[in-house]
Amino acid sequence: MAILVLSSPLPAQPFVDALRALAPGIPVWSEADDPPAEKVEALLAWRLKPGTVPRYPKLRVLCSVGAGAEKLLVEDVPDHVSVTRVVDPLQAQEIAQYVLACTLRFTRELPLYEQQQSRAEWRRHPVRPASRCRVGLLGLGAVGQAVARAFAPLGYEVSAWVRRGREWPGVQVFSGTDGLHRLLARSDILVCTLPLTADTRGLLDAATLRRLPRGAVLVNVGRGEHLVEADLRLLLDEGHLAGAALDVFAREPPKPEHWIWRHPRVLATPHIAAQASTETVAQQCLDALQRARDGLPQPHAVDRRAGY
Ligand code: OXD
């Protein structure tokens with residue numbers, strides 16, 4: 001029985017090497033090995049096409065190489081196959097660092113000072129008061145919580161929109177449609193940390209973004225499909241939004257001619273806000289396989305109905 005790595009577009013070899021190093025007794029293959037399908041017990045993958053899973057009749061567990069697993073939730077995954085995702089506290093911390101760095105870049109006017117420096121221009125601008133740097137988080141899961149903790153010492157007010165209302169120290173929490181509108185109206189920085197589900201796809205459209213205060217900034221570390229990219233462009237060009245930091249895109253990478261690469265108010269990064277270590281991914285895949293063999297619950301199971 002074996003593990004098959006289907007991590008495309010991420011290279012498979014680092015995952016294959018890490019799995020082999022941690023479990024020398026288990027055969028580990030990549031697609032290039034053309035493995036016998038009836039031997040595959042676990043798939044480690046980033047995205048799957050319909051028709052892939054039924055090829056492996058002995059499959060027990062489907063492990064995402066990422067924190068998000070929505071691209072594995074294809075219709076033909078049988079109920080007895082567990083779907084798991086990576087949960088890495090360091091990853092949440094890295095995303096919080098990224099969000100903080102992007103936010104401060106905009107709120108402390110670093111692009112402006114970089115332009116001035118290129119002209120050897122010594123000109124001081126007033127510091128934007130914290131009251132105009134209110135942070136609104138979409139989602140307060142492991143990532144949202146790490147982001148909230150990172151902002152706590154900076155004096156920036158933090159609010160969050162969650163599916164089910166709950167208390168969180170130092171964070172004003174909103175839920176429901178009315179709650180979303182209230183959160184948007186008070187978010188100078190809107191940070192999307194949501195999982196991608198049927199309910200959240202396309203949430204960041206013109207109607208939503210227009211509810212932000214004029215001059216707001218969007219930071220998207222959720223999924224590219226949360227954002228209607230053309231609507232973002234409209235709001236940036238109208239001047240309603242002052243900027244956007246995007247680490248995720250509907251198509252990754254965006255085509256070279258995509259406007260997003262060249263827009264002066266966009267910071268575009270190649271899905272690097274966090275990267276779980278290959279060792280962590282491999283270890284969690286091996287644990288998931290062992291638990292599936294032993295009939296134990298999966299601590300990092302994806303709830304297929306909720307979609308995350
Ligand atoms: C993700 C990841 O799921 O980078 O986006 O892990």
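One-based numbering, in listed order, for ligands and for the atoms of each. By convention here, the first residue in the shown sequence is residue 1.
Between Phe174 and His181, the distance separating the two ring centers is not shorter than 6.0 angstrom.
In this structure, Arg85 has no heavy atom closer than 4.0 Å to ligand 1. A heavy-atom separation below 4.0 Å is not found between Gln275 and ligand 1.
Near Ala67, with a cut-off below 4.0 Å to any heavy atom, the atoms of ligand 1 are 1 (C), 2 (C), 3 (O), 6 (O).
By the 3.5 Å distance cut-off applied to N or O atoms, Val65 is not counted among the residues near ligand 1. The shortest N or O to N or O distance between Gly66 and ligand 1 is not under 3.5 Å. The shortest N or O to N or O distance between Trp46 and ligand 1 is not below 3.5 Å.
Aromatic ring orientation, His271 versus Trp46: perpendicular (interplanar angle above 60°, classes split at 30° and 60°).
Ion pairing between Arg47 and Glu252 fails under the 4.0 Å rule for side-chain N and carboxylate O.
For atom 4 (O) of ligand 1, the nearest non-hydrogen atom of the protein is His271 NE2, 3.3 Å.
For atom 5 (O) of ligand 1, the nearest non-hydrogen atom from the set Glu94, Lys71, Arg223 comes from Arg223.
Minimum heavy-atom separation, Ala150 to Pro153: O-CD, 3.3 Å.
Side-chain N or O atoms of Arg85 include none that pairs as donor or acceptor with a backbone N or O of Tyr308 at under 3.5 Å.
Summarising the geometry, atom CG belonging to Leu190 is positioned 10.5 Å from atom OG1 belonging to Thr103; distances are rounded to the nearest 0.5 Å.
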